[in-house]
Amino acid sequence: MKNTFDDENVKEIDKLFRLVPYPQHIEDEKKVCVEISEGPFSGTILEFGKFSLNAKENEELTADYEYDIIYVPEDKRDVEYTDEEGEEFESMVGDILMSFIYKQFKEKEEHGQDREPDTITLN
C-alpha cells in the first residue's frame, strides 16, 4: 500500500477499478463489488469484507482487511502468476480500499458526519 494518500494519489488509484453489482445478485443493489480495470488482473471482480485500522503508539497506522475474489475472467483462470505479481495485486487491493477510506474521510470532513462511524460506503 502507498504510504501517503492525497487527492492526486486517489485519482490515480481510481483509474485501476470500477464499482460493479455483485455478479450473482444483480437485483440486490446494496451489494457492490470492485472490478479491476487495468493490468494483468483486469476483469477480476472482488468483494471487500471485514476491515480494521490498527494504531499503535509510535508506529505506522496499519489496516487488516478481508476480500473475496468473486469472478476471474476465463483467460486468467489457469495463469501462473509470480510472487511479485501477487504482491502487486495485494498492494493494489489495499490501495483501492484505502482510497475508499480516504474519500469517505474527506466527505465527512467537508460535509459533516452523517453516517454511523463504523460504516464505509462504496460510492
Side-chain angles (χ1 to χ4, degrees):
M1 282 194 290
K2 296 190 180 301
N3 291 328
T4 60
F5 280 84
D6 57 28
D7 291 340
E8 189 174 317
N9 294 109
V10 170
K11 283 180 186 177
E12 288 301 310
I13 293 166
D14 285 352
K15 294 177 185 177
L16 301 175
F17 70 95
R18 66 186 186 107
L19 298 177
V20 296
Y22 192 92
Q24 285 82 24
H25 303 286
I26 292 177
E27 70 280 353
D28 184 358
E29 293 178 14
K30 292 182 181 180
K31 279 210 153 203
V32 177
C33 295
V34 171
E35 180 179 359
I36 307 301
S37 57
E38 291 189 12
F41 303 101
S42 64
T44 301
I45 298 175
L46 54 102
E47 175 186 38
F48 286 107
K50 293 180 182 179
F51 169 80
S52 65
L53 288 174
N54 307 305
K56 296 179 183 173
E57 285 188 46
N58 301 325
E59 291 186 27
E60 275 189 23
L61 183 67
T62 61
D64 291 324
Y65 58 92
E66 296 176 3
Y67 66 91
D68 291 319
I69 296 176
I70 304 300
Y71 173 78
V72 177
E74 195 70 40
D75 63 329
K76 293 176 177 48
R77 290 189 184 169
D78 294 322
V79 175
E80 293 280 333
Y81 293 100
T82 65
D83 289 344
E84 184 177 286
E85 288 171 318
E87 289 173 16
E88 288 175 16
F89 178 79
E90 290 292 329
S91 180
M92 177 179 51
V93 170
D95 287 347
I96 290 169
L97 181 59
M98 294 308 291
S99 79
F100 289 130
I101 294 165
Y102 176 85
K103 287 185 276 189
Q104 188 95 14
F105 173 77
K106 292 290 280 186
E107 180 182 322
K108 287 179 182 182
E109 189 178 64
E110 293 172 11
H111 303 290
Q113 188 165 342
D114 61 346
R115 295 186 183 101
E116 294 294 318
D118 63 348
T119 302
I120 294 176
T121 305
L122 305 180
N123 54 16

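The shown structure was predicted, so the numbers you read here are calculated from the model rather than taken from an experiment.
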So do P40 and K76 actually touch side chain to side chain, heavy atoms under 4.5 Å?
no
Indicate yes or no: at least one non-hydrogen side-chain atom of V10 is less than 4.5 angstrom from one of K106.
no
When hydrophobic residues are tied together by side-chain contacts of less than 4.5 Å, even through go-betweens, does L19 share a cluster with L97?
yes
State the CD1-CD1 distance between I69 and I45, to the nearest 0.5 angstrom.
11.5 Å
Not counting sequence neighbours, which residues clear side chain to side chain contact (heavy atoms under 4.5 Å, CB included) with D64? List them please.
S52, N54
Considering only residues two or more places apart or on different chains, which pairs with a residue in residues 35-55 satisfy salt bridge (charged side-chain N to carboxylate O under 4.0 Å, His left out)?
R18-E35, K31-E47
By salt bridge (Lys or Arg N to Asp or Glu O under 4.0 Å) - contacts of E84 (at least two apart):
none
Is there a donor-acceptor pair under 3.5 Å between the side chain of S37 and the backbone N or O of F17?
yes
Quick check for you: to the nearest 0.5 Å, what is the distance between I36 atom CD1 and Y71 atom OH?
14.0 Å
According to ring pair (Phe, Tyr, Trp, His ring centres under 6.0 Å), who are the partners of Y81, at least two apart in sequence or on a separate chain?
F41
Set of salt bridge (Lys or Arg N to Asp or Glu O under 4.0 Å) partners for K15, sequence neighbours left out
E12
Can you tell me if S91 uses its side chain to pair, donor with acceptor, with the backbone of E88 under 3.5 Å?
no
Gap separating the CD1 atom of I70 from the OG1 atom of T44, nearest 0.5 angstrom:
11.5 Å
Carboxylate-amine/guanidinium contact E8 K11, below 4.0 Å:
no
Taken in chain and number order and not counting sequence neighbours, the residues that satisfy side chain to side chain contact (heavy atoms under 4.5 Å, CB included) with D75 are P73
I'd like to check L46 versus D68 (side-chain heavy atoms, cut-off strictly below 4.5 Å). Are they in contact?
no
Closest heavy-atom pair, M92 versus L16, reported as atoms and distance to 0.1 Å, is CG-CD1, 3.8 Å
Any side-chain donor-acceptor pair under 3.5 Å between Y102 and D6?
no
With D83 via side-chain hydrogen bond (donor to acceptor under 3.5 Å, both in side chains) - residues at least two apart
none
Spacing of N9 atom CG and M98 atom CE [to the nearest 0.5 Å]
11.5 Å
Hits for ring pair (Phe, Tyr, Trp, His ring centres under 6.0 Å) against Y67, two or more places apart or cross-chain, chain-then-number order -> none
Just to verify, what does E80 make a side-chain hydrogen bond (donor to acceptor under 3.5 Å, both in side chains) with, not counting sequence neighbours?
none
